[in-house]
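Reviewing the structure listed below.
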Amino acid sequence: MEFIEAKQKFISTWGSLGTLWGINKAMAQIQALLFISPNPLSTEEIMEELQISRGNTSMNVRQLIDWGIVAKELKTGERKEYFSTEKDVHELARIIAKERSRREIQPVIKTLKEISSIKSDGSEASEELIKQTKALHKMAETADSLLTKTVELKQNWMSNALLKLMK
């Protein structure tokens, strides 16, 4: 496989995997392109490389910045903005895990707590709703706590977490 084909295959595959960590394909492809680029890229370079519109590029880069995995860079004497991404795969995974917890797990925990705290009306259905949502709330809090502790391990957190689990 030649360089160009390998590059396109990586970007395409990473784009497809993006949905697994809660982002759209274009966002993941932009992040993948930045990840394998030796230098920060401008909006125009991203557009050209991925064959996507300026609006699509700008919107997705902004979202990647919100996620904390892409940073804006300014070059002296240039009016263009350039973008780069975290290059350390362990740090990248840590940032994504932390953000997914904030965006997805925390709201679910809050909702489950609210639902499981309702006052029973005495019916069997009401009691079952409270019982099951309390169990889900406890499980979600435990999972989030584990994820938080794992994320706090910082450097090589995934490897360290797996080693601790295996002991």
Between atom [atom1] of [X] and atom [atom2] of [Y], what is the distance when rounded to the nearest 0.5 Å?
{"X": "T111", "Y": "E114", "atom1": "OG1", "atom2": "CD", "answer": "6.0 Å"}
{"X": "I46", "Y": "S37", "atom1": "CD1", "atom2": "OG", "answer": "8.0 Å"}
{"X": "I23", "Y": "Q63", "atom1": "CD1", "atom2": "CD", "answer": "9.0 Å"}
{"X": "Q29", "Y": "L17", "atom1": "CD", "atom2": "CG", "answer": "11.0 Å"}
{"X": "D144", "Y": "M139", "atom1": "CG", "atom2": "CE", "answer": "11.0 Å"}
{"X": "R103", "Y": "W67", "atom1": "CZ", "atom2": "CH2", "answer": "5.5 Å"}

Shortest non-hydrogen contact from [X] to [Y]?
{"X": "V89", "Y": "F35", "value": "CG1-CZ, 3.4 Å"}
{"X": "A26", "Y": "N60", "value": "CB-ND2, 3.6 Å"}
{"X": "I118", "Y": "I130", "value": "O-CD1, 3.5 Å"}
{"X": "T43", "Y": "S58", "value": "CG2-OG, 4.3 Å"}
{"X": "A140", "Y": "L112", "value": "CB-CD1, 4.3 Å"}

Determine whether a donor-acceptor pair (N or O, by modelled atom type, separation under 3.5 Å) exists between the side chain of E2 and the backbone of I4. no
May I ask you to decide if S123's main-chain N or O and S126's side chain share a donor-acceptor pair within less than 3.5 Å?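 Here the side-chain-to-backbone pair does not exist.
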Between E141 and K138, does at least one N-O distance fall below 4.0 Å, as a salt bridge requires?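 Salt bridge between E141 and K138, a charged N being under 4.0 Å from a carboxylate O: no.
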Could you see if [X] belongs to whatever hydrophobic cluster contains [Y]? Use Ile, Leu, Val, Met, Phe, Trp, Tyr and a side-chain cutoff under 4.5 Å.
{"X": "L147", "Y": "I109", "value": "yes"}
{"X": "F83", "Y": "M59", "value": "no"}
{"X": "I65", "Y": "I96", "value": "yes"}
{"X": "L34", "Y": "M47", "value": "no"}

Atom pairs and distances, donor-acceptor, side-chain atoms in residues 8-16, under 3.5 Å, two or more places apart:
residue	atom	partner	partner atom	Å
T13	OG1	K9	O	2.8
W14	NE1	Q31	OE1	2.7
S16	OG	S12	O	3.2

Got a sec, which residues hit side-chain contact (heavy atoms from CB on, under 4.5 Å) with N39, two or more places apart in sequence or on another chain? none
Checking K75 against Y82: charged group under 6.0 Å from the ring centre and within 45 degrees of the axis?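 Yes, a cation-pi geometry holds between K75 and Y82.
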Are there more than 12 heavy atoms of other residues, nucleotides or ligands under 6.0 Å from atom CD of E124? no
Where do S42 and E81 land on the side chain to side chain contact (heavy atoms under 4.5 Å, CB included) test, with the steps shown first? CA-CA 6 Å; S42 68; E81 295 176 332; over 6 Å; no
For side chain to side chain contact (heavy atoms under 4.5 Å, CB included), just list the numbers for T57 and V61, CA-CA rounded to whole Å, side-chain angles, deciding distance to a tenth of an Å, and then say yes or no. CA-CA 6 Å; T57 302; V61 165; 4.2 Å; yes
If a pair satisfies salt bridge (charged side-chain N to carboxylate O under 4.0 Å, His left out) and one of its residues is in residues 41-53, list it, with sequence neighbours excluded.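 Sorted pair list: K7-E49, E44-R54.
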